[in-house]
2 protein chains.
Amino acid sequence: MKDIIELLRSRGYKMTPQRRTVIKALFECGKFPTAQDILEYAKTINPDMGLDTIYRNLNLLTEIGVLNIINIKSRDVSVFEVVTNHHHHLICLDCGQMECLDYCPIAGDSEKMAEEKEFKIVGHSLEFYGYCCKCQAS
Amino acid sequence: MKDIIELLRSRGYKMTPQRRTVIKALFECGKFPTAQDILEYAKTINPDMGLDTIYRNLNLLTEIGVLNIINIKSRDVSVFEVVTNHHHHLICLDCGQMECLDYCPIAGDSEKMAEEKEFKIVGHSLEFYGYCCKCQAS
DNA sequence: CTCACTGCAAAGGCTTTGCAGATTC
DNA sequence: GAATCTGCAAAGCCTTTGCAGTGAG
């Protein structure tokens, strides 16, 4: 969290209470918060916070590379995740719940194949879809 | 294309000119059309076609499993793809162009790992992000 | 003749943007 | 003091939905 604040400072961005709150929220809202989740948390600290400020800050954090936006099928909102180690996700098609999966099968050979198509690969995303424990029951 | 029409018939759906046009468009619009692309094509055949009809039919085709909806970062619209063999995609972060990649590294071991988390996996999506030939130049 | 389908229009929901005033630095 | 940032409000955009009329089977 301090790293993020430092990075913003070093890039010349100003540190406002709202911005600080958004960053704090990212660490305290639980995993995969939506912009709405962050707004709700933020309002407990500053009731005047607006959703637009949340979005502006989330977008900024994404631009500087410390945040991932995740768009999942079966849910129409974006969820956010602080960038940490490289990993992928399990997503429940029923309830939308997500879990991290420290597994990545992508090796160099895939990039070779891609480069045959004259693409320069810079990353990938991999999501597994299925049904979580609870939703399998029903 | 005839297969799709047969499948619809066998499930009791009616075959309207509009529906036929949407199906035709999926094969003649080029790869990865958006709903808009399909509308434009459809209007050359029937100028009265509405975007709502397009969406209703695309959603129907997705429900019966003959169409994939693909949501990509860096573009805010959905693109569609007729279901064929299992494969993944290369996506240009700059212009949004997509290419198919007949490569899939996902093996049984990934499913085992997932099932440790008590997820029942039914599928996965994998996209490679990068820059296409043209966009590497600029 | 019946039920599904279409077109129109409007609504929904998430996200972005313009603007004036307030805040950092 | 200058430039960024916020809050408000409104707009944008893709997609969905309600409804009455039309058309397929």
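Throughout, protein chains are lettered first and strands after them, A, B, ... in sequence-line order, and every chain is numbered starting at 1.
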ask   = For B:Ile70, does its backbone N or O pair with a side-chain atom of B:Asn68 as donor and acceptor, under 3.5 Å?
value = no
Whichever of A:Leu51 and A:Arg56 has its nearest DNA chain C nucleotide further upstream toward 5' = A:Leu51
key: For atom CZ of A:Arg20 and atom P of C:dT23, their distance in whole Å   = 16 Å
message = Can you list, in residue-number order, the parts of residues 26-47 of chain B that come under 4.0 Å of DNA chain C, counting heavy atoms only?
response = B:Asn46
request  = Would you confirm whether B:Lys24, through its side chain, and B:Ala42, through its main-chain N or O, come within 3.5 Å as a donor-acceptor pair?
outcome  = no
Provide a list of protein-nucleic acid N or O atom pairs under 3.5 angstrom, restricted to nucleotides 9-12 of chain D.
residue: D:dA9; atom: N6; partner: A:Asp52; partner atom: OD2; Å: 3.2

ask   = So, B:Gln136 side chain and A:Glu118 main chain: donor-acceptor pair closer than 3.5 Å or not?
value = yes
Exam field: side chain A:Thr53 to backbone A:Met49, donor-acceptor pair closer than 3.5 Å = no
ask   = So which heavy atom on A:Tyr41 is nearest to which on A:Thr21, and how close?
value = CE2-O, 4.3 Å
key: Ring centers of A:His87, A:Tyr103 separated by less than 6.0 Å   = no
query = Between C:dT16 atom C1' and A:Leu58 atom CG, what is the distance in whole Å?
reply = 13 Å
note = What one should report as the nearest heavy-atom pair of A:Ala35 and A:Ile54 is O-CG2, 3.8 Å
request  = With rounding to the nearest 0.5 Å, note down the distance linking CD1 in A:Ile64 to CG in A:Asn59.
outcome  = 12.0 Å
task = Could you tell me whether the side chain of A:Arg19 and the main chain of A:Lys14 form a donor-acceptor pair under 3.5 Å?
result = yes
ask   = Rounded to whole angstroms, how far apart are CD1 on B:Ile5 and C1' on D:dG25?
value = 16 Å
query = When the distance from CG of B:Asn57 to C1' of D:dT16 is rounded to whole Å, what number comes out?
reply = 14 Å
query = Does the D:dG25 base have a donor-acceptor partner in the side chain of B:Arg9 within less than 3.5 Å?
reply = no
key: Check: B:His86 ring centre within less than 6.0 Å of B:His124 ring centre   = yes
task = Kindly say if A:Gln18 contacts the phosphate of C:dT23, meaning a side-chain N or O under 4.0 Å from OP1 or OP2.
result = no
inquiry  = Rounding to an integer number of Å, can you tell me how far A:Leu61 CG sits from D:dC5 P?
reply    = 11 Å
task = Pull out every residue in residues 10-17 of chain A that has a heavy atom closer than 4.0 Å to any atom of DNA chain D, ordered by number, or say none.
result = A:Tyr13, A:Lys14, A:Thr16
query = How close or far is atom P of D:dT22 from atom CE of B:Met49, stated in whole angstroms?
reply = 18 Å
request  = Starting at atom CG of B:Asp76, determine the distance to atom C1' of C:dT17, rounded to an integer number of angstrom.
outcome  = 15 Å
request  = For B:Lys43 and B:Ile38, indicate whether the former's side chain and the latter's backbone hold a donor-acceptor pair under 3.5 Å.
outcome  = no
key: Options C:dT16, D:dT6, C:dG7, nucleotide nearest the side-chain atoms of B:Asp48   = C:dG7
